[in-house]
Amino acid sequence: MDLLDGLNDKQKEAVLHTEGPLLILAGAGSGKTRVLTHRAAYLIQQNKCKPYNILAITFTNKAAGEMKERIEKTVGFNPEGEVWVATFHSTCSKILRRFIDRIGYKNDFTIYDSEDQKTLIKNICKKLDIDTKIHKEKALAAQISHLKDKLITPTQFLLEKEGDFTKKVLGQVYVEYQSQLKKNNALDFDDLIAKTVELFKTDEKVLDFYQSQFKYIMVDEYQDTNKAQFELIRILANKSKNLCVVGDDDQSIYKFRGADITNILSFEQVFKNTTVIKLEQNYRSTQNILNCANGVIKNNEGRKEKTLWTENDAGDKIKFIRTQSAYDEAENVCAEINDYVRNGGKYKDCACLYRTNAQSRVLEERLIRFRIPYKIVGGVNFYQRKEVKDMLAYLKTIESGLDDIAVRRIINVPKRAIGATSIAKVQKYADDNDINFYDALIQVEEQQALGKTSAKISAFLDLIRSFRDKLGNISLTELLEAVMVETAYIKELEAEKTDEAKDRIENIYELVSKMAQYEKDHTDATLTGFLEEVALIADIDSLDESNDYVVLLTIHSAKGLEFDNVFLCGMEDGLFPGTGSITEPDELEEERRLCYVAMTRAKRHLTLTCARERMIHGEWVRNNISRFVGEIPKEVMNENEAKEIETEEKKSTIMKPSQSSNAKAVFTTKAFGMESHEKADKLSYDVGDTVKHIKFGVGKVLEIVDGGKDFEVTVEFEKAGVKKMFAGFAKLKKI
DNA sequence: CTCCTTTGTCTTTTT
DNA sequence: GACAAAGGAG
C-alpha cells in the first residue's frame with residue numbers, strides 16, 4: 001500500500017522527512033498518530049532501517065499498543081524484529097532491568113508507587129524526628145519528585161542549598177530517601193527516568209549500544225515531557241540526530257508533574273537544523289466544536305499562535321445545561337445519553353469528562369439508576385487496592401526480602417500479634433546495624449531477642465521460607481494461590497462476611513487470573529517481570545473499545561482519546577478552574593488548556609453541564625458558571641443558552657461586593673443547612689497572640705474588631721503577610 | 001496487642 | 001462525605 005495515500009501535504013512532509021531533528025506542532029485531532037505510524041512504516045518499507053532500530057515513545061501503554069498494532073498492520077508482519085513502542089517508564093525499566101547493575105543496583109529491583117513512597121517518607125520522618133504535621137509526607141514526596149524531574153541528586157541539592165535553612169529538612173529527607181530506596185533495591189517512578197540518564201552518562205558502552213540500536217526516535221505528546229525525559233532522548237538521539245517529536249503546547253496539562261514547556265519552545269535551539277512542521281487541519285471535530293475550543297484557548301497569553309481549521313461541517317450547536325444540584329446535572333446527562341442512544345448512537349461513543357475524580361460518584365449513582373452501562377477509568381487503580389497490594393507485598397517478600405516496605409506491610413497481615421512496638425524495635429535494630437528489616441527479623445529469631453514475640457516472628461519467617469521452597473517447583477499462579485490460602489488471608493476475609501470483604505476476595509481472584517494471563521503471555525515469566533508490568537500499568541490501559549459502555553474519566557485521562565458525544569461536567573468556577581488556580585495566572589492558563597483538551601475530545605456533540613450547588617467535603621457549595629463557558633463564542637451555542645450565560649455573568653459581577661478573598665468566601669460557602677459561621681462570645685486568642693491558620697500558616701494577631709455579626713481579626717502572617725478575616729471563618733488556633 | 005472511637009485531611013490532575 | 005491516622009479502653 002502507498003503510505004502517502006490520504007495524507008495532506010504537511011502530513012506527507014512529516015512522513016518523508018526522516019533524517020535530522022524534526023519538530024511537529026500538531027493541533028488537536030490533526031492526525032498526528034497517523035503521521036507517526038506512517039512514518040515508522042515508511043522507514044521500514046524504504047529499508048532505511050530495521051524495525052528494531054525505531055524507538056517510539058508514547059504516553060500510555062494503551063497508546064503504545066495501538067500504535068504498534070497499526071504499524072504492523074501497515075507494513076505487515078516483519079520477521080526482522082519489532083518496533084520498540086513503549087512509554088518512557090517502561091522503556092527505562094526495560095533498559096535498567098538489563099544494565100542497572102553498572103551503577104550499583106541489582107537488576108531485579110522493584111518499583112515503588114506513590115503509596116510506597118509515602119510510607120517510606122513517613123518512616124524516614126519518624127527516624128529523623130521530623131514532624132509530619134509541619135512537613136507533610138505528600139508535600140515532601142512532591143518536592144523530591146520535582147527535584148528528580150530536574151535531575152538534581154541529593155548531593156547536588158545539598159551543595160546548592162547549603163546554608164538555606166528552609167530547605168534543610170527537604171535535603172535531609174531526600175538524602176535518606178534515596179539511600180533507603182537503594183537499600184531496599186527499589187526505584188520510584190522518577191528514578192526510572194533519572195537512573196537511566198545516570199546509566200547513560202556513566203557507562204559509555206551501554207549508551208553506545210542503545211544509540212546504535214535506536215537510529216530513529218519518535219516521541220508523542222512531547223509537550224508533557226519533563227527535563228529528565230528530555231535529557232534522556234537528547235542523549236539517545238545524540239549520535240543519529242534522527243529525533244522526531246510531536247506535540248501541541250496548547251495541550252500541555254502536566255506542569256504539576258514537572259512537564260516543561262520549554263522542551264518544545266527551545267527545541268530548535270538545542271537541535272541545530274531542526275525542521276518544523278505545523279499540522280493545523282483538524283479531522284476530528286465539527287466546525288462548532290473547534291470554534292468553541294479555539295475561542296477558549298485564545299485567552300491564553302503564553303502560547304504559540306496557531307489556527308486550527310477544518311473542512312468538516314458546522315454540526316450541532318454546543319449544548320449548555322445548568323441545573324440546581326449535581327444530582328440533577330447527572331440526571332440530565334443520563335437523559336441526554338438515552339436520547340442519543342434512542343437515535344441510533346452507541347453508549348461507547350459517549351464520554352463524561354470531569355476535573356476531579358470525586359465527581360464520578362454522583363454520575364455513577366444516576367447511571368445505575370438509569371440502567372446505563374458505564375465504565376469508570378481512574379480513581380483507585382486495581383493494583384493499588386489494599387488486598388492486592390498485600391498479595392504483591394507477599395510476593396515481593398518471597399522473592400527477595402530486600403523491600404522493607406513490603407515486609408513491614410505484611411508482617412502483621414493477617415494478624416499475627418506482632419504490633420507496632422515490636423516492629424519499631426526490629427526497625428531500630430535494623431537501623432543500628434544498617435541491615436534490612438527482613439535480615440533484622442532473622443537475627444531477632446536467632447537471638448530470641450524479643451521474648452514471646454520472637455516465636456511469632458519465627459512463625460512468620462517459616463511461612464515465608466515454606467513459600468520460597470516452593471518457588472522453583474510450582475507456577476507463579478500456584479504460588480499466589482498458596483499465599484492467599486496458607487497465610488489464611490482469604491479465610492480471614494471470609495470470616496468477616498461483609499459485602500466489602502466479598503469484594504476483596506473477588507479482587508484477589510482477579511489478581512490470580514491476571515497472573516495466569518501474564519504467565520500465558522510470557523514464556524519467560526518471572527515474578528519480577530509480573531511485578532514490573534503491574535507497577536507501570538495505568539487504569540486507562542484497561543479501556544476496551546469492544547465493550548459498549550459510557551466512559552467516565554478525568555480530563556487528564558482523556559488526553560489522546562476521542563468520542564462522538566462528549567459531556568463536560570462540573571463547569572463551575574471553583575471546580576473547573578479549581579479554587580487554587582483562579583488567583584494564579586499560570587495555573588489558570590493550565591486549567592484553560594485542560595478545558596481545551598476536554599472540548600477537543602468531541603467529534604460531533606459537545607455538552608457542557610454545571611450545577612448551582614454541589615456537595616464538596618460534605619458541605620453544600622454554591623458555584624458560579626465557569627469563566628471558561630463565558631469565553632465560548634456565542635454563535636456556536638443556542639441563543640437562549642448563550643443569553644442565560646450572559647445574564648448570569650452580569651449578575652455575578654454585581655454579586656462580587658469586593659475583591660477581598662474573605663468577602664467572596666461569604667458568598668461561596670454554605671447555601672443552607674447548619675450554620676458554621678457563628679459568632680463566638682469570646683475568642684480563644686487576643687491581640688498579640690501567635691495563631692495558626694490552616695492555609696496562611698503562623699502569624700501574630702494585630703487587631704480584633706467586633707463587627708457585630710462576627711469578630712474581624714487582622715493577622716500578620718510570617719509567610720502570607722497581613723490578612724483581615726472573620727473569626728468564624730478563619731478558625732484560627734492559638735499556639 | 002487489638003479494637004473501637006475520634007479527629008483530621010482532603011480536592012486537582014498520574015506514570 | 002470518606003478515609004486514614006491517632007488516641008483511648010480493654
Side-chain angles (χ1 to χ4, degrees), chain A residues 57-64 86-93 111-115 117-119 122 132-133 136-139 141-142 145 148-149 187-193 221 224-226 228-229 252-259 326 353-362 377-381 383-384 386 412 414-424 452-453 456 500 532 534-541 553-559 570 574-582 584 587-588 590-591 593-595 597-598 614-621 694-695 731 733:
Chain A
I57 294 179
T58 58
F59 210 66
T60 62
N61 296 302
K62 181 175 144 68
T87 62
F88 268 107
H89 294 271
S90 55
T91 298
C92 289
S93 190
I111 299 168
Y112 275 5
D113 67 12
S114 28
E115 195 198 334
Q117 262 178 72
K118 235 177 84 185
T119 353
K122 199 171 135 195
T132 48
K133 290 232 166 69
K136 301 262 167 62
E137 300 97 309
K138 232 178 135 187
S145 172
K148 290 188 181 183
D149 284 346
L187 302 184
D188 62 19
F189 287 131
D190 305 304
D191 276 342
L192 289 173
I193 317 287
E221 306 283 7
D224 284 320
T225 52
N226 61 34
Q229 291 166 331
S252 159
I253 54 173
Y254 280 99
K255 219 173 97 197
F256 73 94
R257 207 168 80 186
L353 310 192
Y354 36 76
R355 180 66 241 269
T356 63
N357 277 308
Q359 288 167 256
S360 66
R361 196 171 251 123
V362 178
V377 175
V380 212
N381 186 314
Y383 294 102
Q384 286 169 310
K386 197 189 285 156
N412 199 30
K415 303 262 142 55
R416 296 192 181 86
I418 304 170
T421 21
S422 304
I423 292 174
K452 256 205 267 175
T453 317
K456 308 257 165 72
E500 199 204 328
E532 169 179 329
V534 151
L536 297 179
I537 245 163
D539 210 35
I540 189 78
D541 298 333
L553 70 186
T554 63
I555 303 166
H556 282 92
S557 321
K559 191 171 79 151
L575 189 63
F576 188 30
T579 2
S581 39
I582 286 175
E584 278 295 317
E587 286 183 38
L588 186 63
E590 174 130 329
E591 295 279 299
R593 289 194 292 272
L594 200 51
C595 184
V597 168
R614 71 173 65 232
M615 201 64 122
I616 294 176
H617 302 149
E619 254 186 337
W620 283 98
V621 176
I694 194 138
K695 191 173 159 209
K731 300 215 170 75
K733 272 183 197 149

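Because the structure is predicted, anything quoted here is derived from the model rather than measured. Letters A, B, ... are given to chains in the order of the sequence lines, protein chains preceding strands, and every chain is numbered from 1.
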A.B. asks: Does the side chain of A:Q359 pick up a donor-acceptor pair with the side chain of A:T356 at under 3.5 Å?
C.D. replies: yes

A.B. asks: Apply side-chain contact (heavy atoms from CB on, under 4.5 Å) to A:K136 and list each qualifying residue two or more places apart in sequence or on a separate chain.
C.D. replies: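 Counting only residues at least two positions away or on another chain, A:K136 forms a side-chain contact (heavy atoms from CB on, under 4.5 Å) with A:A139.
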
A.B. asks: With rounding to whole Å, what would you report as the distance between B:dT13 and C:dA4 at their P atoms?
C.D. replies: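 Rounded to whole Å, the distance is 16 Å.
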
A.B. asks: What I'd like to find out is whether the side chain of A:L553 reaches to under 4.5 Å of the side chain of A:L353, using heavy atoms alone.
C.D. replies: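 The answer is yes, as the side chains (C-beta and beyond) meet within the 4.5 Å cut-off.
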
A.B. asks: Residues in side-chain contact (heavy atoms from CB on, under 4.5 Å) with A:T421, at least two apart?
C.D. replies: none

A.B. asks: What pairs with A:E590 under salt bridge (Lys or Arg N to Asp or Glu O under 4.0 Å), at least two apart in sequence or on another chain?
C.D. replies: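 Checked A:E590 against salt bridge (Lys or Arg N to Asp or Glu O under 4.0 Å); matches are A:R593.
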
A.B. asks: Sequence neighbours excluded, which residues qualify as side-chain hydrogen bond (donor to acceptor under 3.5 Å, both in side chains) partners of A:K456?
C.D. replies: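 None.
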
A.B. asks: Report the residues that fulfil side-chain hydrogen bond (donor to acceptor under 3.5 Å, both in side chains) with A:D224, sequence neighbours left out, ordered by chain and then residue number.
C.D. replies: A:K559

A.B. asks: Quick one: side-chain hydrogen bond (donor to acceptor under 3.5 Å, both in side chains) partners of A:Y254, sequence neighbours excluded?
C.D. replies: none

A.B. asks: If pairs are Watson-Crick or G-U with both distances under 3.5 Å, what is the dot-bracket string of DNA chain B, marking crossing pairs with [ ] and pairs to another strand with |?
C.D. replies: ||||||||||.....

A.B. asks: Tell me every residue that passes ring pair (Phe, Tyr, Trp, His ring centres under 6.0 Å) with A:F88, counting only those two or more places apart in sequence or in another chain.
C.D. replies: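 Applying ring pair (Phe, Tyr, Trp, His ring centres under 6.0 Å) to A:F88 gives none.
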
A.B. asks: Holding to side-chain hydrogen bond (donor to acceptor under 3.5 Å, both in side chains), I want the full list of residues that pass it with A:E591, two or more places apart in sequence or in another chain.
C.D. replies: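 Counting only residues at least two positions away or on another chain, A:E591 forms a side-chain hydrogen bond (donor to acceptor under 3.5 Å, both in side chains) with A:R355.
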
A.B. asks: Rounded to the nearest 0.5 Å, what separates atom CE in A:M615 from atom CH2 in A:W620?
C.D. replies: 5.5 Å

A.B. asks: Please write out each protein N/O paired with an N/O of nucleotides 1-6 of chain B under 3.5 Å, distance rounded to 0.1 Å.
C.D. replies:
| residue | atom | partner | partner atom | Å |
| --- | --- | --- | --- | --- |
| B:dC1 | OP1 | A:G419 | N | 2.6 |
| B:dC1 | OP1 | A:S422 | OG | 3.0 |
| B:dC1 | OP2 | A:T421 | OG1 | 2.1 |
| B:dT2 | OP1 | A:A417 | N | 3.0 |
| B:dT2 | OP2 | A:N412 | ND2 | 3.4 |

A.B. asks: Where is the tightest heavy-atom contact between A:N61 and A:S90, given as atom of each residue plus distance?
C.D. replies: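 Reported closest heavy-atom pair: OD1-OG, 4.1 Å.
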
A.B. asks: Polar atom pairs between nucleotides 5-10 of chain C and protein, under 3.5 Å, N or O only, would you list them?
C.D. replies:
none

A.B. asks: Where along nucleotides 10-15 of chain B does protein come under 4.0 Å, by heavy atom, of base (B) or sugar-phosphate alone (S), with - for untouched nucleotides?
C.D. replies: BBBBBB

